[in-house]
Amino acid sequence: MFFKAYKTVEDAIKKVSGEDDVLLGDGGEHADLASTVAFSLAKKRKENPVKIAADITAELEKELFEADISVSTKGPYINFIFGKNYISDVLRESLKPGFGQLSEKNIRVCIEHTSANPNGPLHVGHIRNSVIGDTLARVYKKAGYSTDVQYYVNDMGRQIAIVSWGFDNLDIKRKEGEKGDRYVANVYVAANRSIEADPSIKEEIDRRMALIEQGDPEMVKKFRDAVILCLDGMKDTLKKLNAPHNRFIFESDFVKSRLMHHVLNRLSSIPQAKHDETLALDLTEFGFEKDYVLRRSDGTSVYAARDLAYHEWKSDNYDRIIDVLGADHKLIGTQLQATMKLLGDKAPEIVFFEFVSLPEGSMSTRAGKFISADDLIEEVTKRAYEEVDTRRPDISEEDKKAIAESVAAGAIRYDIIRVSQEKSTVFNWKEALDFEKQSAPYVQYANARACSILEKSGEFEERFEAESEHEIALVKKIALFPKIIDEISRDLRPHILAIYARELADLFNTFYRYNPVLKAEGDLRDSRLTIVKAAQNTLSEVLKTLGIDAVRSM
RNA sequence: GGGCUUGUGGCCUAGCCUGGAUAUGGCGUUAGCCUCCUAAGCUAAAAGUCGGGGGUUCGAAUCCCCCCAAGCCCGCCA
């Protein structure tokens with residue numbers, strides 16, 4: 001509905017002003033849309049912008065009368081306000097199941113996220129990647145793309161060699177009920193301490209690296225066992241966060257299948273290839289000073305080589321490739337993009353996000369200095385349970401637990417997704433445990449309130465009208481949901497959705513406060529119930545797209 | 001040393017790409033609202049050199065240049 005109204009206004013201004021760029025944007029508190037085209041015309045015509053705005057407005061009024069859009073000026077600004085037809089169209093549209101879904105695009109998108117090294121549990125830094133990636137995946141589905149969500153498993157890296165050495169040499173027992181990822185981290189931390197104490201162990205690690213590259217069966221099994229053990233624990237964490245992947249791709253498969261060798265062969269014959277002891281690429285034409293090394297002088301491959309093979313495979317199988325990576329991967333990520341271009345393949349679009357640190361400094365799996373996602377989930381769930389327990393003595397233990405889990409996972413996801421990805425953050429327990437205002441529970445609560453009203457209302461006849469300022473503001477906000485989905489699928493900035501969710505909940509709560517629904521009578525009751533139903537449907541679709549449970553009661 | 005990113009009231013944060021109407025919200029503080037559809041809610045108040053300086057423009061938080069501060073990267077690690 002919004003798209004249509006926008007286009008109508010845009011076309012009208014183009015026709016009346018003769019300008020290509022109609023400078024049309026959000027009207028804020030003044031209007032639904034506003035144009036500053038009078039300023040640019042003023043320059044060209046050497047006239048007063050206020051006068052131009054007034055002149056144009058008279059013509060625009062005629063153009064837009066049919067569409068029920070009113071036009072007015074405030075100084076040089078031209079304001080557009082949508083009328084009753086718009087409201088009624090929005091209400092009809094937003095009551096439909098799956099509201100916000102855009103038309104099918106027939107484009108295959110591959111989204112890679114998380115892809116943390118399987119040498120320990122996911123921590124609060126990793127899950128920023130998971131939440132951004134999973135939210136994007138949900139947005140892309142909503143935007144009509146077919147999506148595949150992948151985890152790239154670094155199963156032949158140095159870290160895993162260290163873990164396998166630890167398992168063979170350190171006799172560390174798995175504690176009763178200990179998760180696999182936590183156990184692997186213990187072995188990894190201990191092995192690193194051993195290496196610090198006795199650097200000669202490094203030779204043994206190098207030997208394992210060489211064996212894994214050759215595909216030595218015994219070493220392959222050792223690596224794979226450790227990786228699977230860790231990965232199972234990580235999958236469990238991702239499940240609790242509603243951030244599942246549908247495929248796990250192992251980097252060693254690209255060595256085994258010789259895809260990596262094919263890519264390296266292709267690259268070794270391009271003009272940018274440098275054959276010294278190593279195989280490297282000269283990417284100075286892209287502004288990179290350092291060579292991009294792909295093969296060591298001992299003949300073994302580095303991570304970049306395997307990653308290139310993976311991306312070439314993605315290029316062959318998808319129309320769009322999106323990678324979510326931490327800011328520490330900026331250099332290697334952009335080098336990879338440049339190399340894909342040299343190969344004539346599709347380069348990935350990369351969403352970089354800045355770091356999450358602890359108040360005492362940055363996190364480190366190797367040093368055992370991190371807050372695990374599991375611990376965070378546990379603490380937040382505990383806190384959520386206390387809240388439900390005091391508020392809802394009337395419901396069963398089972399329901400309390402289920403609500404607490406939904407609230408906790410939602411609170412964590414919202415807390416992460418609400419800040420834009422280019423901002424580095426410091427993890428803060430107080431904020432993580434705060435369930436008011438700018439939080440998932442705030443939005444979930446608005447949805448639950450709406451559900452409660454609809455449960456009590458009984459049958460009613462849908463009426464597609466809004467009278468009060470609060471009703472109108474709410475309906476107009478509902479109308480923007482498809483636009484938000486479209487925007488995020490273009491800009492890859494998912495925090496916009498969190499802000500939208502908050503604003504939608506704000507407007508629903510204000511409406512709820514000033515416009516009684518169940519106590520209203522006749523047509524007014526029906527039209528308000530219709531608005532509640534539309535708001536509830538939209539809130540629940542927004543929450544679903546954020547990967548947050550839209551609980552019906554809390 | 002070079003590159004990238006960030007800097008908005010005591011704290012957190014939107015807006016920056018695509019310049020325009022009194023800079024968005026929250027936390028905290030202060031003062032109110034439950035005989036009323038779930039108070040995880042609502043209302044109001046106090047609180048701002050948009051890091052600093054220059055420039056472009058009728059107009060700059062937004063664009064350009066310089067400087068300062070913080071984080072990340074600059075490995076034949078991943």
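FYI, side chains are in, hydrogens and waters are out, and symmetry mates aren't considered; it's all heavy atoms of this structure. Just so we're on the same page: letters track the sequence lines, and every chain starts at 1. Note that the structure is predicted; figures quoted are calculated from it, not measured.
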Atom C1', compared across U30(B) and A46(B): separation rounded to whole Å: 8 Å
Gap in Å between the two C1' atoms, one belonging to U8(B) and one to A44(B), rounded: 24 Å
Between C27(B) and C64(B), how far apart are the C1' atoms? Round to whole Å, please. 36 Å
Quote, to the nearest angstrom, the P distance that separates A31(B) from A70(B). 40 Å
NA contact type, Ala280(A), heavy-atom cut-off 4.0 Å: base, sugar-phosphate, or nothing? nothing
Between Lys330(A) and Ser424(A), whichever has its closest RNA chain B nucleotide further toward 5' is Lys330(A)
Could you give all pairs that pass the ring-ring contact (aromatic ring centres under 6.0 Å, His included) test and reach residues 287-310 of chain A, with sequence neighbours left out? Tyr152(A)-Tyr310(A), Phe254(A)-Tyr310(A)
Once you apply a heavy-atom cut-off of 4.0 Å, does Ser439(A) come out as touching a base, just sugar-phosphate, or nothing? nothing
Grab the NZ-P distance between Lys46(A) and C58(B) for me, whole Å please. 10 Å
Measuring only the P atom in each nucleotide, how far is A14(B) from U24(B)? A whole number of Å is fine. 15 Å
Quick one: is Ser420(A) getting a side-chain N or O under 4.0 Å of the A14(B) phosphate, OP1 or OP2? yes
What's Lys437(A) touching, base or sugar-phosphate or nothing? Going by heavy atoms closer than 4.0 Å. sugar-phosphate
Mind checking if Glu503(A) touches a base, just sugar-phosphate, or nothing, with heavy atoms under 4.0 Å? nothing
Categorize Asp276(A) for me: base, sugar-phosphate, or nothing, with a 4.0 angstrom heavy-atom threshold over every strand shown. nothing
Pair Lys7(A) + Glu10(A), salt bridge at N-O below 4.0 Å: no
For Ala34(A) and Glu422(A), find the nucleotide of RNA chain B closest to each by heavy atoms; which residue's nucleotide sits nearer the 5' end? Glu422(A)
Spell out protein contact along nucleotides 72-78 of chain B as letters: B when the base is contacted, S when just the sugar-phosphate is, - when no protein heavy atom is under 4.0 Å; keep the 5' to 3' order. SSSSBSB
Identify which nucleotide among C37(B), A14(B), U22(B) has an atom closest to any side-chain atom of Lys423(A), counting heavy atoms from C-beta outward. A14(B)
Tell me whether the rings of Tyr514(A) and His470(A) are parallel (<30°), tilted (30 to 60°) or perpendicular (>60°). parallel
So, does Tyr512(A) get its side chain near the phosphate of A39(B), meaning an N or O under 4.0 Å from OP1 or OP2? yes
Between G20(B) atom P and Asp21(A) atom CG, what is the distance in whole Å? 12 Å
Go through C42(B), U22(B), G26(B) for me and flag the one nearest to the Gln438(A) side chain. G26(B)
Using atom C1' in both nucleotides, what's the gap between U29(B) and G10(B) to the nearest angstrom? 10 Å
Stacked pair Phe39(A)-G20(B), distance under 5.5 Å, angle under 30°: yes
Does the Lys NZ or Arg CZ of Arg449(A) fall within the cation-pi geometry relative to Tyr512(A) - under 6.0 Å from the ring centre and within 45° of the axis? yes
side-chain N/O His30(A) vs G20(B) OP1/OP2, d < 4.0 Å: no
Partner of A31(B) by Watson-Crick or G-U wobble geometry, both contacts under 3.5 Å, or none? U43(B)
Sugar-phosphate, base or nothing in reach of Val388(A), heavy atoms under 4.0 Å: base
Looking at every strand, decide which applies to Asn119(A) at a 4.0 Å heavy-atom threshold: base, sugar-phosphate, or nothing. nothing
Roughly how many Å apart are C63(B) and U6(B), using the P atom of each and rounding to a whole number? 10 Å
Answer with base, sugar-phosphate or nothing: what part of the nucleic acid does Tyr514(A) contact at a heavy-atom distance below 4.0 Å? sugar-phosphate
C1' spacing across the pair C11(B) / G48(B), given as an integer number of angstrom: 14 Å
From the list Glu471(A), Glu462(A), Glu467(A), salt bridge (Lys or Arg N to Asp or Glu O under 4.0 Å) with Arg528(A) holds only for Glu471(A)
